[in-house]
Amino acid sequence: MSVHPTPSGWSEVSFEDRMALVDFRLSSRAHITVDGDACRGCTTKACVTACPANLFVPVSDGSIVFNYEQCFECGTCYLVCDESGAITWTYPDGGHGVVFHKS
Amino acid sequence: MSKPDRPQGAPAGTKRIPTPTEPDVDVIVVGAGPAGAAAALVLARAGRSVYLLERGPFPGSKNMYGGVIYGRILDTLIPRWWEEAPVQRWVTRRATMVMTPTQALTIDYRTAAWGEAPYNGATAFRPDFDAWLADHAVAAGATLVPSTTAVGLLRGDRGQIVGVQTDRPDGDLTARLVIACDGVNSFLAKEAGLYHHPEAEHFTLGAKEVLALPRDEIEKRFGLRGLEGADFEIIGCTPGIAGGGFIYTNLESVAVGVVLSLEDLKRSGKRPEELIAGLKAHPAVAPLVEGAELTEYSAHLIPEAGLHMMPELYGPGMLVAGDAGAFCLAAGIWLEGVNFAIGSGKVAGEVAVQALRAGDTSATFLGRYQDALTDTFALADHIKLQGAPALVMSDNVQRRYPELVCSLVESLFTVTNPTPKKGALRLAREAAKGSGVRLRDLARDGWAALRSYG
Amino acid sequence: MAEPAGPAGPTIAVALKWVDLRPDIDRVTGATHHDVRFFGCSAADQAALEHALRIGERFGWPVVAVSAGPAEADAVLRDALAVGASAAIRVDIEAGARSQHSAAALHDALATIDGLRLVCCGDWSLDRGSGSVPAFVAAHLGWGQALGLVGVDLDGDAGDGAFTVTRRLDQGRREVLRIDGPAVLSFEGGTAELRRAPLAAVLRTRDAAIVPLAGPPAPHHRLRVVHRGPDRPRARVLPPPDASLSPRERILALTGALVERTPPRTVVCEPDDAADLILDQLRAWGYLD
């Protein structure tokens, strides 16, 4: 975790609070799938840091657990994935997923 | 980018059906962003039946961007659009900032002319702007189908595209022509076999915070009045990662974001929100955003590589426009997307009208799309600026030149009494040496820039 | 599409409220801004609609969607038609009407439905959230009510149109009820996922005309609102304090009054120093030896 110089009067919000500001319409279907076996062979695990929504978490057995609920639907995860096909990413069902209000 | 009119190999997800003699609709436009809305608007005005599919609950709900909509392309589509478009502020102050971790050199331009009709650029919320543009398509007669995702293509007897499958029950829709405006990830263009370079190196990630501040405070901090707005584009603010940053003003919020090369982001192990925090903490930026309250955080991919990543823009029964066709100009001093989306969508709509009139939606006929695009900025700018994205993302432009100019300007304006002033030339040589820039490289990049931008 | 089909057999009504799913609340002033693009049906209303459709399919009863609200509320009725409601009725009242007014308006709509057998509602609306409308509707109809349901069991022998429902009581208890006649049911959100509307139905119903019924006059009471404070986030639910304590002690436990507490402080320092500070504080609190 890196530390930033923080100007006075500044209140950095926690990541949970940051994501809680965004409107996500939850779907029961996960639009992301991760092949944990493929991840075990991956040394970079770029999805863990690159995902702007921080959806991917490495676990002790070398694989990845993930959330799909708070996804910006950007597509970074599957593009940075080094193990071809470990992450499959599709759009959530119509009407579900992120809804931006002020972006 | 020529396109033989032959059956494609059917990628997974494509369904073969007998070519319908009476399709459900003339044209299916997939994606109701600015490209799709413009295409649907043109088609509906020509009296064609159009389904405008949108996977979000309303147009614009999935969209974010780096700040400015340049409206000139709208003049022909919606005369006097500025009187009705949902705009936050009119950009009258346009600055380019070059940064090192502790320094910043800003070229700051402002003009009253951009604050009056017909205006130059505007900031807006995409969920507002895109919905407004799609409303025009609907008013012209297009049928908006929201909350509906296109999940695959339908191909007819000879392999030509004859419709899409949607994620709704009994969701197949047939058409004479499909226009894929389905965004930067364009699964439809990929499925159609048109996208040959969807590699990470061609994309950047944009991540943005919208920070609420009182209106008068924004006007004070950015030196604005009324609906005047500011837009800062920044280079050198993403240490170790090729990219850039931006700050722009909405009516009652300031947006701050970074644009990050995916390849570098991956290697760096840094997180996008940390890089935004770093930009916000920069001494040149912190006073602008201090104390502002985060109201929305968002992220989106950007097709960065211009001409080099463009898919084939047409196939049998299909046209590709907007981000799906990489119509997004990321060339350093120019960062434009919405106008390119509208421009390409408009041409796609016009070519679709011609194709329907001719009763010919073969790839051969649709090849006109490429030619028509080349006659407008939408493709001509990309051809002209094809060298720009690589130059802008190069290590020299990203790191060495910002260090060079910042240290040169710092030494120029640092008063060293009683030591006499050194000459500007000598300072320039020292700065170049200090930042590891070889004059040969500088000359080469200068020449490349002249060729790219000239 | 606006006229109820009016079959003689039993009919299910589902009451849907057009509501702002995510109002923009200024966190300083409490001023609330609404935008119709973010309006729709709450998860509870969606669950009620899905349960109504499932019950209807089981017994062959049509489902009629009703809503009390302004013209924009037709949007939720069209969505209900697209997923399978056979008719839709809107009673024209202004948005934000009080619960009794809404219930009276809904009752006017329900009175037009022949063979009305069940009324399904969400357990409470997102905007006001008192959960009283289903009870008011039951009172208007003079029917029994089964409120706060979490499940419906349609599996048993049900030739007579009877079925069982489960509802949540306080402290995690469950109650199973048998419904074998007219009743008002309200459902918790998330207890059933609303089905997706078929594409053709979406296209067919997107412009469906819904002729509104004139709403009843707002009830006149000798009680009127003279001031309403700004919207505030819903209070957080705390676990109940130990029941063996005295009432005074329980109130103190809930409010945290009279409890010694160190005000939070913000420190800016190097990571090493921060770690030392955290350890010192944990020691001071007695977590470390």
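What you see is a predicted model, and the numbers here were worked out from it, not measured in a lab. First the proteins, then the strands, lettered A, B, ... as listed; each starts at 1. Side chains included, hydrogens not; waters and symmetry mates left out as well; all remaining heavy atoms used.
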Selection from A/Ala46, A/Ala50, A/Cys47, A/Pro92 maximising heavy-atom pairs under 4.5 Å formed with chain B: A/Ala50
Heavy-atom contact with chain A under 4.5 Å, split by part of B/Leu205: side chain
Lys/Arg N to Asp/Glu carboxylate O, B/Asp128 vs A/Lys102, below 4.0 Å: no
Region of B/Thr148 in contact with chain A, defined by heavy-atom distances below 4.5 Å: backbone
Interatomic distance, A/Asn54 atom CG to B/Glu273 atom CD [nearest 0.5 angstrom]: 6.5 Å
Part of B/Ala299 within contact of chain A (heavy atom distance under 4.5 Å): both
Derivation and outcome, side-chain contact (heavy atoms from CB on, under 4.5 Å), residues B/Lys270 and A/Thr49: CA-CA 6 Å; B/Lys270 289 180 181 157; A/Thr49 50; over 6 Å; no
Steps toward side-chain contact (heavy atoms from CB on, under 4.5 Å) verdict (A/Leu21, B/Leu294): CA-CA 8 Å; A/Leu21 294 167; B/Leu294 181 64; 3.6 Å; yes
B/Lys266, part contacting chain A, at a heavy-atom distance under 4.5 Å: both
Side chain to side chain, B/Leu262 and A/Thr76, heavy atoms closer than 4.5 Å: yes
Side chain proximity check, B/Asn63 to A/Phe100, heavy atoms < 4.5 angstrom: no
Option that, when pairs with chain A are counted at under 4.5 Å, heavy atom only, ranks first among B/Gly269, B/Pro198, B/Gly183: B/Gly269
pair B/Leu301-A/Leu79: side-chain heavy atoms closer than 4.5 Å: yes
Residues B/Asp167, A/Tyr91; criterion side chain to side chain donor-acceptor pair (under 3.5 Å); working and verdict: CA-CA 10 Å; B/Asp167 67 334; A/Tyr91 293 131; over 6 Å; no
Minimum-distance pair of heavy atoms, taken over all atoms of A/Cys51 and B/Pro272: O-CD, 4.4 Å
Side-chain donor/acceptor of B/Glu296 to backbone N/O of A/His101, under 3.5 Å: yes
Neighbour count above 12 (heavy atom, 6.0 Å) for A/Asp61 CG: yes
Beyond-backbone contact of B/Val210 with A/Ser103, side-chain heavy atoms, under 4.5 angstrom: yes
Donor-acceptor contact below 3.5 Å, side chain B/Arg55 vs main chain A/His96: no
Which atoms of B/Glu209 approach chain A - backbone, side chain, both or neither, heavy atom under 4.5 Å: side chain
B/Thr149 side-chain N/O to A/Gly94 backbone N/O, donor-acceptor pair under 3.5 Å: yes
Chain A contact via B/Phe129 - which portion, at a heavy-atom distance below 4.5 Å: neither
Carboxylate-amine/guanidinium contact A/Glu73 B/Lys62, below 4.0 Å: yes
Contact origin within B/Pro283 toward chain A - heavy atom pairs under 4.5 Å: neither
Aromatic plane relationship, A/Phe72 with B/Tyr297 - under 30° parallel, 30 to 60° tilted, over 60° perpendicular: perpendicular
